[in-house]
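Step one of this worksheet: look at the structure below.
Start at 1 and go down the list; that is how both ligands and their atoms are numbered. Side chains are part of it too, since the values below use all heavy atoms of this structure and drop only hydrogens, waters and symmetry mates.
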Amino acid sequence: MAVILDKSTLSRSLSVNLDHMATLRQVRRTSYPSLTTAAGICEVAGADGVTLHLREDRRHIQDRDLELLRETSLLPITLEMGSTDEMVDIALMTLPHAVTLVPERRQELTTEGGLDAVRLESQLSPVVQRLKEKGIVVCLFLEPDVDQIEKAHSLGCDSVELHTGAYSLDWEESRSQAIEKHLSRIQASVDRGCELGLQMNAGHGLHYQNIRPLAALPGLTEFSIGHSIICRSLFVGLEKAVGEMADLIRS
Ligand code: PXP
């Protein structure tokens with residue numbers, strides 16, 4: 001039987017996505033900036049984890065980044081990946097703390113849309129089982145949709161990361177009615193997930209302004225944030241950029 005999560009007692013956490021720092025390195029194929037140094041600074045600044053998306057085309061994070069961070073990071077590592085055989089083998093070999101399964105298309109600029117867990121059930125089921133057998137926390141990146149959340153639960157996942165991309169886009173256009181709609185869909189998904197005992201996370205397109213209403217929703221636990229933090233770090237430094245975001249999430 002699922003353990004219902006008490007939303008009033010959940011603490012909030014920040015996992016810093018380092019993909020964009022790797023992008024900066026890969027445009028020149030240099031050895032800097034160092035992701036291991038970055039992960040250390042994230043830890044000092046009060047982050048709770050670091051996230052890496054190992055894409056099929058290796059456009060930013062490289063296999064070596066994952067290996068090095070696995071050896072050196074004091075923070076738990078979340079590996080975002082497609083549910084391919086290649087990626088599952090890498091995860092089983094490197095054993096990150098958590099894996100977030102995401103949809104992946106080569107042409108996309110960034111992850112567009114959540115996984116369709118309902119449609120992909122038969123493909124996802126063995127992947128979830130193999131990862132869980134090795135003690136890896138398994139998360140699905142999903143749209144805020146109750147049917148999808150229920151499918152994540154029936155697949156045996158531990159957590160769900162709600163895709164906040166559509167919320168973020170409407171935020172940029174100041175569409176207040178749409179923003180309210182997103183927030184209530186997100187809250188309904190969080191409520192259902194907590195009832196089912198799933199840890200409910202959120203991420204994509206979140207920044208220092210649009211995080212505030214989300215951080216106020218009861219039941220959301222972890223926020224996975226990259227682009228805005230790395231951009232802000234150009235002006236204030238990484239430690240301050242991470243610390244400010246961690247404060248906003250926990251305040
Ligand atoms: N979560 C997932 C599943 C993602 O694919 C991304 C983008 O890499 C993020 C969170 C972080 O998004 P952003 O870089 O916009 O903060």
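When non-hydrogen atoms are compared, ligand 1 lies under 4.0 Å from neither the backbone nor the side chain of Ile229.
Annotation for ligand 1: atoms under 4.0 Å from non-hydrogen atoms of Asp19 are 8 (O). Against a heavy-atom cut-off of under 4.0 Å, Ser224 is close to the following atoms of ligand 1: 1 (N), 10 (C), 11 (C). Shown in contact with His20 at under 4.0 Å from a heavy atom are these atoms of ligand 1, numbered in order with element: 14 (O). Of all the atoms in ligand 1, the ones that sit under 4.0 Å from a non-hydrogen atom of Val102 are 3 (C). Taking every non-hydrogen atom of His227 and a distance limit under 4.0 Å, the qualifying atoms of ligand 1 come out as 13 (P), 14 (O), 16 (O).
With no hydrogens or angles considered, a side-chain donor-acceptor pair links Asp116 and Gln148 at under 3.5 Å. No hydrogens or angles considered: nothing links the side chains of Thr84 and Glu56 as a donor-acceptor pair under 3.5 Å.
Remark: Arg192 engages Glu195 in a salt bridge, criterion side-chain N to carboxylate O under 4.0 Å. A salt bridge is absent between Glu67 and Arg70; no separation between the charged side-chain nitrogens and carboxylate oxygens falls under 4.0 Å. With salt bridges taken as basic N to acidic carboxylate O contacts below 4.0 Å, one links Lys151 and Glu121. Salt-bridge check for Arg55 with Asp19: failed, with every basic side-chain N at 4.0 Å or more from each acidic carboxylate O.
Among Val16, Asn17, Leu115, the residue whose heavy atom lies closest to atom 8 (O) of ligand 1 is Asn17.
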Residues 236-247, side-chain donor-acceptor partners within the protein, below 3.5 Å, at least two apart:
residue : atom : partner : partner atom : Å
Lys240  : NZ   : Glu244  : OE2          : 2.8
Glu244  : OE1  : Arg232  : NE           : 2.5
Glu244  : OE1  : Arg232  : NH2          : 3.0

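Residue Ile225 places a heavy atom under 4.0 Å from ligand 1. Within the 4.0 Å heavy-atom cutoff, His163 does not count among the residues contacting ligand 1. Within the structure, the closest approach of Gly205 to ligand 1 falls below 4.0 Å when heavy atoms are considered.
Checked by distance only, ligand 1 and His53 stay at 3.5 Å or farther apart across all their nitrogen or oxygen atoms. Any N or O atom pair closer than 3.5 Å counts here, and Gly226 shares at least one such pair with ligand 1. Inclusion of Ser228 in the set of residues having an N or O under 3.5 Å from an N or O of ligand 1 is not warranted. No N or O atom of Thr100 sits closer than 3.5 Å to an N or O atom of ligand 1.
Partner of Asn201 under the side-chain contact (heavy atoms from CB on, under 4.5 Å) criterion, out of Cys139, Ser13, Ser15: Cys139 alone.
Partners of Glu172 by side chain to side chain donor-acceptor pair (under 3.5 Å), not counting sequence neighbours, listed by chain and number: His207.
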